[in-house]
Amino acid sequence: MSQSPREELRLQRYLDGWEIINRMIREDTSWGGRERNCLHLSSGEGNFIDISAASGVDYIQDGRALCRLDLDLDGRPDLALRNRDGPQLRLLRNTWPGGNRALWIRVEGRNCNRDAIGARISVTSSGKTRIKDIRAGAAFLSQSSRWACFGLGGEKTPPAVSVRWPGGATTSYGTLDPGDRWLIIQGEEPSRLPFRKSEQEPPATQVPQAPEPVDTEESSSIETWLVAPVTAPDLPWTDPQGRQRRLGEFRGKPLVLHLFSRDCAVCVSDLGALIAMGKELSRKGAVNLIASVDLGPVPDGKRDLVAKISGPSIGLRFERKTLAGWNILFRHLFNHRRDLVVPTSFLIEESGKIVKVYRGRTDPARYLADLGKIPRSDNLRIKKALPFKGRYLYPNFQRDLLELGNAYSEAGLPLQARAIFKSTLAARGENLDTLFNYAISSAQSGSPGEARKIYLEILKKRPGYADARNNLGILEAQAGRLEQAREYFRSVIQDNPAHTEAALNLANTWLQEGDFETATAVYRKALLHDTESAKLRRMLGFALFRGGFVEESISSHKEAIRLDPLDLDAYRNLAIILNATEGYREAAAISILGLKNGPNHSGLLNTHGFALWKLGDTARASAEFKKAISAAPDFDRPYLNLARMLADTARPDDAMAALGALLQRMPGHPQALEQIEKLRSGNP
Amino acid sequence: MKQRILLFSTTSLLLVAGALWIFYGSGASPEFVPTAGRSWTEIHLPAPSYSPVEKLRAKTVAGNDKFIVETRERELRQPLKTLQRLFLHPGSETAVKEYESITSDDFKASPFSSTGELPLYQSKEIRVVEEMSFPAPSIERSAFPASILASIDPLKILTSAELKVTGISEEKELSKIEILFSLSGPSDEGEHHQWSGEALLGWKTSERKFSFFQLKKRRHVTLSASPFQDVTARALGANDSYRKILQPSIDHFRSRLDAAVGVGVYGHNGLAVGDADGDGLEDLYVLTAAGLPNLLYRCGQDGTFSDASREAGVDLLDGTSQALFLDLDNDSDQDLFLVTEQRLVVLLNDGSGRFLHLENAIPEKITGSATPLSAAAADYDLDGLVDIHICSYVFWRGGSNSAGTRLPIPYHEAHNGAANILLKNLGGGRFSNATETSGLDRDNQRFSFAAAWADYDDDGYPDLYTANDFGSNNLWRNKGDGTFEEATIAAGVEDVGAGMSVSWEDYDNDGDLDLYVGNMFSAAGRRVTAGNDYKAGDQLLQAIYRRHARGNSLFSNAKDGSFEDVSISSGAWFGRWAWGCDFLDFNLDGNEDLYVQNGFLTNSSEHDL
């Protein structure tokens, strides 16, 4: 919230902040949860006294609506509460003893609206007049009873009542006795209605007085028919023979896909039955796929369960990306966003669309039975998908395909994303945001030309689409056309000086050419509009350092860290600069601070190791370099630093081994070869 | 929803030669944690920290941003739980031992009692005492539990103890923690006791232990009776629909139904009381999320309710946020006006308690990003037909959309939301859009949650107050000629904050209508915004943000068109993260009491944003 821009200009950080909050509350994170309801007693002297805890009605549910009414018609006002979580409804019967009476009045219009909404009832006793307006809809999503209730305290004499009718005159009704309820019809004499006698009370049955919220823990299996079938991701598996298999090859046949793991006892014990089911499914023209979510080779001492799966069932092994893709799909099938569980099975119709999901241990007979029940019309799908009867006036079932596509894209599955956006465009017609997403995923999946075309098309339709211009700039820059790229970035910034990403991109084009001075100027200007951007501060620090302004660079990095204590790259850059300027002690301290937030950050482990080496603690330095290597084996610096340190401390053989390890990872690494040469010549 | 925009990265971005790409989760195989009692195993996939958005996840953990007070709050969470256990069980050896581990050896506490008291309220069933003068911390660590025990006499144990941090100030080697506390429990005589108030705790930052406890304020409430009894099961327990649909949480359905059905996370589904079948008894219409039927419970002569949703024709599966029972066509029965996610709907009562959908009753089709949420009715033009005002909100739909973002901007005063609508009743249950002709189209791009009508200036014409999220509210004065003028500032009821609820009532019994507004109260928001570095350099903005976390507001009608803000002096500000709030004179003493529904989202994790 603190990141909200003051004007209506986009600020990516603010949008991202909302985005992550909204993702997390759809998972299992609470937000303003476990708050207790309040009951405040009016002292009669203008004060409210919190008696919530003593009253026992300080319920912890997420409360929404509340309505006043007299449930038992005993003259004491009751309450109905509507909650988000269970129990979603509570009826609270007023059990307050005391002898206080109340005057209950309902008015009905004749020369005004029938409900007499807006009528003002005045009640006078002991020379004091109180009022109530008849209302319909107040508080939050609530409509209370239309009966007005005036508490009379210890007042013994009946009060005088008058009603000001909407748009009309005020009628006085004299005194009304609170022994009964009063119905006042406009133009008529008030009539009495009795309170309910205690013998008319509902029988106290065996059911518990207070409802117990039912256990919402997912303790049994859950079967969900989809109301909007969704295309399964086209991602490869490997079969026991090592061949790549895809869903596409089974098109035209219904499939049942089971996910299992060797580490799930239920899965393992049910595997035999699942394999056996393959024959029956195949008799019905369906295919039984049984896929293991265990990644990597089978560990020693464990059986290769996939190898056991034989025809007509097909055994499959997941790859990391395929599993990521199915997990994303699974998360988006439900509004409660959770990761995949095993066992989970999917029923997939001939067209490749998933129609049903089974979570937990499921009787294999269900799959066979469901095969013949796949609904083929919207009406049938609705019937299957909904747990309770009812009717729709305006049915609307739209899966948020754009969100699903974005999730694929974020997870590094641009082809999946692209397929989703493409089908969305085909099904729901052209929409600039969908087109924009389609362009991004096209660029990410190796079709920059296609992406460029789409961005230009978007700009033709809406020239003000800043993000399309920004991304066009990126495509130009990636193609080496820096001047054209700058044109795009500048035009974005001109329209919206707070478009920090465009500024970062513009500056990057100057960095690319080694013009640190211009880059510095771009950052400084952007910081005028987005004062709290840690990224801008860090990049400014970088440009300043490369431009030779060490002190300023250091303070800019420190500012970046203050603004975003989780910006690990800022710690790393700062530590590198401090190491380069022989401030080893401070470099070590900064590295440690950063490592607190990211203990496996290879860059920080490396800078820490470097500082320790220079401070003479080679043992700990060596340990840090090794940690850096195991955290990111493709990062060359720690190998090289370790080798140099070992060479320095007269351990050429160990140095050789470190360089050897690097060369194994990255054959032909020039600096490694160079150092080996030096070691061999005995001149490190 | 649109993708996040891209950054052009160059290899020279990093000071280290060669680009450094971090692949999250590489090499690690999924971890399996079998859970007893479940028929499945969760796969723990590598944390999805591959995107810039996902990286922000870590920042939602208190303290991982630039707000140092939140780091402290996180550090204090466990010690405060330990302290809470001490208050719950001051006689328990374990609790005392644990308490000793979180307090320094030289810990001093003020006695958990006062030296003087002032009776605040006294009736036959309620006694409230304001305790006065609290001595400075003087008693030793070992004597404090006994002091608590002595103070809560005649109770043997407490049944609830709540501590809430509302402020943290940092001094050298010492944090001062402001807390609100509430302790309660029954006595053997059946009285209910409650001690609530404020205290200041010292926290030695080097030792990470409490160094002192200073009582600041305390009230002792004694109730000799319970105001309410939960009779839901007795009244509704015979209905299948109640047990299966209303007893579980909305989350139960959120995790079981296809997301495309549309059961959301917010649970903004309301409740209406009205006589659906004209038998003189008031029935309940419970609105539900999309995919679940709305439920009409008819009240029987014996006070139990039975499900009549289907036979009455109101078992609608359309996600419905609010319903109003109204005689829309003045034919002496109660019709229904519904706010559903797709449309505004009129259902006409055929006189026998059956409701028929009146097609095309409302000219407006809901379009764009707006979600109509709530409705309030009044005959604003006094033509004898009741009219309806609709509040519209804009909910998050992922990312941003290209026509400028639909997120509230700026957060503290957002005017980029959706248009509210005034529907003028034409008779026969049909409506026209009177938003423009009535002048309610001004300042009409807000994030409105609730509205309520009332004739606050006593001129015979109903006026309207709307509570908006993300900023100030609006008071619309009815000019009596079918148009409205904005009177918010003149009346002094801007009430900057996150408004969610509006109620009018004559709380001070002086013959005019006063205004109670439900707002967000956030302990975290209070702590963060109290810091002087929050929005540093802009005192006005600082004040606005602090106000945002303040809580509910009570405005007393001054009879001259203006109101006095008595939220703090009256004590009515305390409502936590409030939703529906309303007046109710539960003890019938002639003074309207207040009930506040609150809490936003309770999920399974205790991690609260």
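In what follows, every chain begins at residue 1, and chains take the letters A, B, ... in the order their sequences are listed.
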Check whether the side chains of [X] and [Y] place a donor and an acceptor atom closer than 3.5 Å, and report yes or no.
X      : Y      : answer
B:Q597 : A:N37  : yes
A:D28  : B:S604 : yes
A:S42  : B:D593 : no

What's the shortest heavy-atom distance between [X] and [Y], and which atoms?
X      : Y      : value
A:I49  : B:Y121 : CD1-CB, 3.9 Å
A:A139 : B:C581 : CB-O, 3.5 Å
B:L271 : A:L89  : CD2-CD1, 4.0 Å
A:A136 : B:L326 : CB-CD2, 3.7 Å
A:L91  : B:A235 : CD1-CB, 3.8 Å
A:P77  : B:F586 : CG-CA, 4.3 Å

Side chain to side chain contact (heavy atoms under 4.5 Å, CB included) between A:C67 and B:V273: does it pass, once the steps are laid out? CA-CA 7 Å; A:C67 297; B:V273 172; 3.6 Å; yes
Below 4.5 Å from any heavy atom of chain B, which atoms of [X] appear? Answer side chain, backbone, both or neither.
X      : answer
A:R399 : both
A:L92  : both
A:L333 : backbone
A:S55  : both

Looking only at heavy atoms and a cut-off of under 4.5 Å, which of [options] has the most pairs with chain A?
options                : result
B:V502, B:V286, B:V221 : B:V502
B:D318, B:N587, B:L120 : B:D318
B:G511, B:S374, B:G274 : B:G511
B:D379, B:D585, B:N509 : B:N509
B:S160, B:G518, B:S332 : B:S332
B:D508, B:D327, B:V345 : B:D327

Does the distance from a Lys or Arg side-chain N to an Asp or Glu carboxylate O, for B:D582 and A:R135, drop under 4.0 Å?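 Looking at A:R135 together with B:D582, the answer is yes, because their closest N to O distance falls below 4.0 Å.
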Should the pair B:D608-A:R34 be classified as a salt bridge under the 4.0 Å nitrogen-to-oxygen rule? no
What part of [X] gets closer than 4.5 Å to chain A, counting heavy atoms only: side chain, backbone, both or neither?
X      : answer
B:L284 : side chain
B:L223 : side chain
B:E282 : side chain
B:I250 : both
B:S182 : side chain
B:P227 : both
B:L317 : both
B:F449 : both
B:V265 : both
B:A375 : backbone

Does [X] reach the side chain of [Y], with side-chain heavy atoms less than 4.5 Å apart?
X      : Y      : answer
B:D315 : A:R391 : yes
B:N598 : A:C38  : yes
A:F388 : B:I245 : yes
A:D62  : B:W577 : no

Take A:S30 and B:L601 through the test side chain to side chain contact (heavy atoms under 4.5 Å, CB included) and record every step on the way to the result. CA-CA 5 Å; A:S30 299; B:L601 289 168; 5.7 Å; no
Please check: side-chain N/O of [X] versus main-chain N/O of [Y], any donor-acceptor pairing under 3.5 Å?
X      : Y      : result
A:Q88  : B:P248 : yes
A:R130 : B:Y507 : no
B:N603 : A:T29  : yes
B:Q194 : A:A54  : yes

Nearest 0.5 Å, what's the [atom1]-[atom2] distance between [X] and [Y]?
X      : Y      : atom1 : atom2 : result
B:L324 : A:L141 : CG    : CG    : 10.0 Å
B:S605 : A:W31  : OG    : CH2   : 15.0 Å
B:N591 : A:S43  : CG    : OG    : 7.0 Å
A:T95  : B:D230 : OG1   : CG    : 11.0 Å
B:S255 : A:I222 : OG    : CD1   : 6.0 Å
A:H336 : B:D251 : NE2   : CG    : 6.5 Å

Counting heavy-atom pairs closer than 4.5 Å to chain B, which one of [options] comes out on top?
options                     : answer
A:D133, A:I117, A:N94       : A:N94
A:L69, A:T129, A:I25        : A:I25
A:Q143, A:K128, A:R76       : A:Q143
A:L71, A:L152, A:N396       : A:N396
A:Q398, A:M24, A:H40        : A:H40
A:L79, A:L39, A:I131, A:D85 : A:I131

May I have the step-by-step check of side-chain hydrogen bond (donor to acceptor under 3.5 Å, both in side chains) for A:N47 and B:S570, ending in yes or no? CA-CA 4 Å; A:N47 294 315; B:S570 67; over 6 Å; no
Going through the checks in order, is the side chain to side chain contact (heavy atoms under 4.5 Å, CB included) test met by B:D258 and A:F397? CA-CA 10 Å; B:D258 183 354; A:F397 306 106; over 6 Å; no
Between A:F48 and B:F574, is the ring centroid distance below 6.0 Å? no
Considering the options A:R82, A:R64, A:R84, which one meets the side chain to side chain contact (heavy atoms under 4.5 Å, CB included) requirement together with B:H268?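 Only one option passes, and that is A:R64.
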